[in-house]
Engineer: 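Before I ask anything, let me first share the structure, which is written out below as structure tokens.
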There are 2 protein chains.
Amino acid sequence: MLKLQKSKDKKQALLKATLLLVNDAGFQGASMAKVAKVANVSPATIYLYFENKQDLINQLYLNVKEEFSKSAFNGIDMAQPVKKIFEQIWFNIADFKFNEVEEAQFLSQCDNTPLVDEECRAEGLNHLQPLLDLWLRGQEEGIIKPLSPYVLYAFTIYPMAFLMNKQTKSHCPSDTIKLKETFQAAWDSIKV
Amino acid sequence: MLKLQKSKDKKQALLKATLLLVNDAGFQGASMAKVAKVANVSPATIYLYFENKQDLINQLYLNVKEEFSKSAFNGIDMAQPVKKIFEQIWFNIADFKFNEVEEAQFLSQCDNTPLVDEECRAEGLNHLQPLLDLWLRGQEEGIIKPLSPYVLYAFTIYPMAFLMNKQTKSHCPSDTIKLKETFQAAWDSIKV
DNA sequence: CGAATAAAAAAGAACGTTCATTCTTTTTTA
DNA sequence: TAAAAAAGAATGAACGTTCTTTTTTATTCG
């Protein structure tokens, strides 16, 4: 029991170490030796928990993606009208992006790199199905434009990654992005 | 004269080789040895044109970013009303994203990696000043929401990177993204 | 309960490879 | 024929991974 806990701790420490290193210096900056050092572990130990470096990265990606999806749908009340639910989800995601900065940065770095397996990426996208379903419902009700879910995502969720990045790297002062008005822009882009 | 041309060719070949390799296998996949091989050149020759690998990447980034900005403002008629100009620029950028796919993919990979120097990135952003000026004009005329340029960019331009990526990696069939409707979404998000 | 012991986990050194870069020599150019 | 450009071999460092040894853990039996 205690042992199992310790094992989990070590695995989690390795994942977190990788996350930090990737954020700081990209995927090549996260060498197995450095990951081991940051996690206070021998390089050989990594291979008790992960097949190889690719597996470490894939698992980290899925891990963080799941955490992201979970918080996106946290406390959602499906009985509400479409716009209200969408608003809840949107603000959940905004919270994640602006509070779990490390995780959010990592995900946005993953978005465009060829180093995350496509198969893995597809699995990560599945978690967002409830949002796609919501959009479909909105379209059936005639309040959301009949656009592909890719386009809906691109205009409502994806922009937050950009804004989080700019804010984190302090290209813009932290009071520049007013969430309420930003949500309005997102909604205006897809509402009929 | 001819020599100078040949020099430029070689430098351009090196930049293009780097671009292709980075797209295929990330920044670590673009090793100096591989870049040299793809450009049909000795590894040592790279150092006649670039200080080191970081310089190669920085120059490539600036190069592609300039190409991008140039095509964004290609044939713009500043005498037109704000919305018309914005539409021109938006479709120019869309053309670039969906036609110069290699370059666009590279840029979107650069957007979130810590491997491009921040100083370099800042210089790349300068090129977009005319667009920021246009937005300001639109705000003075009361037809564009009083949002920070970061937010305006995030909701009108940035989404195209996502859509280009999905289309390129054929996650969605190429007729899914209808440009006219997509522009409407972009405009709706920022118009008053 | 506590020593003996088998098994699992972890460590650190070591592997061959590849990396970015430089040195020396050869080829091309003016 | 002098200088510039390019090549290829060579450098040490760092890479991902594996091998061997040590430490920790869990179990068995006196």
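Chain A is the first sequence line, chain B the second, and so forth, proteins listed ahead of strands; every chain is numbered from 1. For the numbers below, each heavy atom of this structure counts, side chains included, while hydrogens, waters and symmetry mates do not.
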Engineer: Got a sec, which residues hit salt bridge (charged side-chain N to carboxylate O under 4.0 Å, His left out) with E103(B), two or more places apart in sequence or on another chain?
Structural biologist: K16(B)
Engineer: Could you list all N or O pairs between the protein and nucleotides 18-21 of chain D that sit under 3.5 Å apart?
Structural biologist:
none

Engineer: I want to check one thing: is the phosphate of dA9(C), taken as OP1 and OP2, less than 4.0 Å away from some side-chain N or O of Y49(A)?
Structural biologist: no
Engineer: Give each stem of DNA chain C as a range with a range, requiring at least 3 consecutive Watson-Crick or G-U wobble pairs whose two distances are under 3.5 Å.
Structural biologist: C:1-30 with D:1-30
Engineer: I need the full list of salt bridge (Lys or Arg N to Asp or Glu O under 4.0 Å) pairs touching residues 55-70 of chain A, with sequence neighbours left out, sorted by first then second residue.
Structural biologist: E66(A)-K70(A)
Engineer: Check for me whether the distance between the ring centres of Y153(B) and F162(A) falls short of 6.0 Å.
Structural biologist: yes
Engineer: Check whether any side-chain nitrogen or oxygen of T45(B) sits under 4.0 Å from OP1 or OP2 of dA7(D), and answer yes or no.
Structural biologist: yes
Engineer: Going by number, which of residues 14-38 of chain B have a non-hydrogen atom under 4.0 Å from DNA chain D?
Structural biologist: none
Engineer: Quickly work out the I46(B) CD1 to dT22(C) P distance and round it to whole Å.
Structural biologist: 12 Å
Engineer: Excluding sequence neighbours, so at least two apart, what forms salt bridge (charged side-chain N to carboxylate O under 4.0 Å, His left out) with K53(B)?
Structural biologist: none
Engineer: With salt bridge (Lys or Arg N to Asp or Glu O under 4.0 Å) as the rule and sequence neighbours excluded, what pairs involving residues 118-131 of chain A come up?
Structural biologist: E118(A)-R121(A)
Engineer: L48(B) CG to dT28(C) P: how many Å, rounded?
Structural biologist: 16 Å
Engineer: For S108(A), enumerate each residue passing the side-chain hydrogen bond (donor to acceptor under 3.5 Å, both in side chains) test, keeping only those at least two apart in sequence or located in another chain.
Structural biologist: N165(A)
Engineer: Nearest whole Å is fine: how far is dT21(C) C1' from D55(B) CG?
Structural biologist: 14 Å
Engineer: Tell me if the NZ atom of K84(B) is crowded by more than 12 foreign heavy atoms within 6.0 Å.
Structural biologist: no
Engineer: Give a yes/no answer on whether the side chain of K10(B) brings an N or O atom under 4.0 Å of OP1 or OP2 in dA6(D).
Structural biologist: yes
Engineer: Identify, with sequence neighbours excluded, every residue that meets salt bridge (charged side-chain N to carboxylate O under 4.0 Å, His left out) alongside K83(B).
Structural biologist: none
Engineer: Rounded off to whole Å, could you give me the CD1-to-P distance for the I57(A) and dG16(D) pair?
Structural biologist: 9 Å
Engineer: So, using salt bridge (charged side-chain N to carboxylate O under 4.0 Å, His left out) as the criterion, who are the partners of D111(B) when residues are at least two apart?
Structural biologist: none
Engineer: Rounded to the nearest Å, what distance is computed from the NZ atom of residue K53(B) to the C1' atom of nucleotide dA20(C)?
Structural biologist: 8 Å
Engineer: Return the set of residues passing side chain to side chain contact (heavy atoms under 4.5 Å, CB included) with P173(A) (not counting sequence neighbours), or none when no residue passes.
Structural biologist: D175(A), T176(A)
Engineer: Just jot down the ring pair (Phe, Tyr, Trp, His ring centres under 6.0 Å) partners of F27(A), sequence neighbours excluded, or say none.
Structural biologist: none
